[in-house]
2 protein chains.
Amino acid sequence: MSQEEILAEKKKAIFESTLELVRENGFHGTPMSLVAKKAGVAAGTIYHYFDSKDTLIIALHGYLRSRMFKTMLDGDDETRDFESRFFTFWKKHYHFYVQNPNALYFIEQFVNSPYYERCPEKENDRCQNIIAQFLKTGIETGVLKQMNLKLMSILVHSSVVTTAKVSLTKKVEIGETELQQVAQVIWDGIKQ
Amino acid sequence: MSQEEILAEKKKAIFESTLELVRENGFHGTPMSLVAKKAGVAAGTIYHYFDSKDTLIIALHGYLRSRMFKTMLDGDDETRDFESRFFTFWKKHYHFYVQNPNALYFIEQFVNSPYYERCPEKENDRCQNIIAQFLKTGIETGVLKQMNLKLMSILVHSSVVTTAKVSLTKKVEIGETELQQVAQVIWDGIKQ
DNA sequence: TTTTCCCAATTGAACGTTCATTCGGTAGGC
DNA sequence: GCCTACCGAATGAACGTTCAATTGGGAAAA
C-alpha cells in the first residue's frame with residue numbers, strides 16, 4: 001500500500017467521523033477530541049491534515065460535493081426522450097440523498113450556516129451545475145418553459161432535497177407512487 | 001406600563017438579540033455574554049427567563065413560529081377564485097420571509113440542526129398547517145391534483161423558502177416577473 | 001548489504017482560552 | 001419584610017490547539 005493511500009485513508013476516516021458526529025450533534029456539539037476518537041487517530045493528527053476545525057468542516061463540504069458530483073453524472077442515456085430522462089434524473093438524485101443521509105444533513109446544516117459565506121466553492125455549485133446543464137437543453141429545445149436557468153435548477157434541486165428530507169424523517173411515507181407524484185408535480189410545473 | 005409588558009420587553013430584547021447573532025455567527029458562534037450585551041441586559045438576567053442556552057433557542061423558535069402564524073393568516077379573500085387566492089397566498093408567504101431574513105435563516109439553521117429533534121412543536125408545524133388547510137379545499141373541490149396533502153404542503157412551502165433564500169443571497173435577481181414565474185411553476189405542477 | 005540519517009506521520013498530555021452557568025447581592029414595588 | 005427582577009464578577013468545565021517526544025520507512029552513505 002502506497003504512502004498516499006494510507007494518507008487518504010486517515011483523511012477519509014477523519015472526514016467520515018466528522019460527518020457522522022456533525023449530523024448527530026451539530027457543529028458545536030462535535031468536539032475535536034470525539035472526532036479523533038471515532039476516527040481512531042490522535043487529536044494532534046487531525047491538525048496534521050487540517051489547519052483548524054473550521055478548515056476541516058469546509059474541506060469536508062468540498063469532499064462531499066465531489067463525491068456527489070461523481071455519483072450523479074453517470075447513467076444518463078441521451079438517446080431517450082427528454083421527459084423520461086428528467087424523471088430518471090430526478091429520481092437518481094433523490095436516491096443519492098436518501099442513501100447518503102449523513103451527507104444530506106451535513107450539507108443542509110452547512111449551507112444554512114455562516115460557514116457557507118466563507119466557502120470558496122460557494123459560487124460554483126457543481127451539483128447545481130449538473131442539473132442546470134441538463135435543463136438547459138430542455139429549455140433550448142422548447143420542451144421546458146422559458147425561464148431563468150439558475151432559478152429553475154434551484155427549484156428542481158430543492159424539490160429533490162425536500163422530498164428526501166421528508167422521506168428520511170418519515171413525515172410522509174415515500175413509496176414509488178409518491179416519488180412519481182412529486183417528480184410529476186415538478187415536471188408539470190416546468191414543462192412548456 | 002404593566003409588569004407583564006416590561007417582562008415582555010426584556011424577553012423580546014433577548015430574543016431579538018439572539019436572533020440577529022445566531023443568523024450572523026451560528027449557534028456555536030453566539031456566546032451568551034454577547035446575547036446579553038446586545039440585548040442590554042446582564043448575563044444572569046437571561047437565566048431568569050430561560051433555563052439554558054438550549055432552552056432559549058428552542059423558545060425563540062417557538063416565538064418566531066407564532067409571529068409567522070399571525071402574519072400569514074390575514075388578508076385571504078375567500079370570495080375570489082382558488083387560483084388567484086393561491087398566487088396571493090404564495091407571494092404573501094414569500095414576502096414575509098424576505099422581510100424577515102433573520103427569522104428565515106434562524107429557522108433554516110434550526111430545523112436542520114439536532115435542536116429540532118428535541119423540539120416539542122416538531123409535529124405540529126402550524127405554518128405548514130396553514131398551507132395545508134388552504135390546499136385541502138383545493139384538492140376537495142377538484143381544482144388541485146389528488147395527492148398526499150402533507151407532501152403537497154411541504155413542496156409548496158419549500159418552494160417559497162427556496163425562492164426567498166435565492167432572493168436574499170442575490171444568486172438570482174427576483175423581480176415581480178420571476179416571482180410570478182416561480183409561483184406559476186408550482187401552480188402548474190399541483191393543479192388538476 | 002548494512003548502517004546511518006532524515007523527515008513525515010503520529011501521539012496524547014498539557015495549555016490557555018472561552019463560555020455557559022451560578023450566586024451573592026441590590027433595588028424597588030406591594 | 002417579602003418577593004420578583006436584575007446585576008455582573010466569579011467559577012469551573014469543556015474545548016480547540018500546541019508541542020515535545022516517538023516511530024518507521026526509505027534514501028543516502030559506507
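Quick note on labels: first sequence line is chain A, next is B, and so on, each numbered from 1.
- Within the structure, every side-chain polar atom (N or O) of A:H48 is placed at least 4.0 Å from both OP1 and OP2 of C:dT10.
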Exercise. Would B:I174 and A:L151 satisfy side-chain contact (heavy atoms from CB on, under 4.5 Å), going step by step from the backbone distance to the final call?
Worked result: CA-CA 9 Å; B:I174 305 287; A:L151 198 48; 3.8 Å; yes
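- Note on A:E176 versus A:K91: salt bridge recorded, some NZ/NE/NH1/NH2 to OD/OE distance being below 4.0 Å.
- Between B:K10 and D:dT4 there is no side-chain polar atom (N or O) within less than 4.0 angstrom of OP1 or OP2.
- Per the geometry, CZ belonging to B:F50 stands 13 Å off P belonging to D:dA5, to the nearest Å.
- Between B:W187 and B:F86, the ring planes are tilted. Angles from 30° to 60° get that label.
- Relative orientation of the B:Y63 and B:F15 rings is parallel, given thresholds of 30° and 60° on the angle between their planes.
- The existence of a salt bridge linking B:R67 and B:E16 is confirmed by a sub-4.0 Å separation between a basic side-chain nitrogen and an acidic carboxylate oxygen.
- No side-chain donor-acceptor contact under 3.5 Å links A:Q133 to the backbone of A:I130.
- For the pair B:K37 NZ and D:dA9 C1', the interatomic distance rounds to 15 Å; values are reported in whole Å.
- Distances were taken from every side-chain heavy atom of A:A42 (C-beta onward) to each of C:dT11, D:dC7, D:dC6; the shortest belongs to C:dT11.
- Applying the ring-ring contact (aromatic ring centres under 6.0 Å, His included) test to A:F96 and every residue at least two apart in sequence or in another chain returns nothing.
- Contacts with DNA chain D (heavy atom under 4.0 Å) in residues 19-31 of chain B: none are found.
- The nearest whole Å value for the distance from the NZ atom in A:K11 to the C1' atom in C:dT10 is 16 Å.
- Using the six-membered ring where Trp is involved, B:F89 and B:F134 have ring planes that are parallel, under 30° apart on the 30 and 60° scheme.
- Distance, B:Y49 OH to C:dT21 P: 18 Å, rounded to whole Å.
- The CD1-C1' distance, from A:I14 to C:dT10, rounds to 11 Å in whole Å.
- Computed from coordinates, the B:I46 CD1 to C:dA20 P distance equals 9 Å when rounded to whole Å.
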For this session: Go through the steps for B:D76 and B:T88 under the test side-chain contact (heavy atoms from CB on, under 4.5 Å), then give the verdict.
Result: CA-CA 8 Å; B:D76 181 26; B:T88 321; over 6 Å; no
N/O-N/O pairs, protein side and nucleotides 17-19 of chain D side, under 3.5 Å:
| residue | atom | partner | partner atom | Å |
| --- | --- | --- | --- | --- |
| D:dT17 | OP2 | A:Y47 | OH | 2.6 |
| D:dT17 | OP2 | A:K53 | N | 2.8 |
| D:dT17 | O5' | A:Y47 | OH | 3.4 |

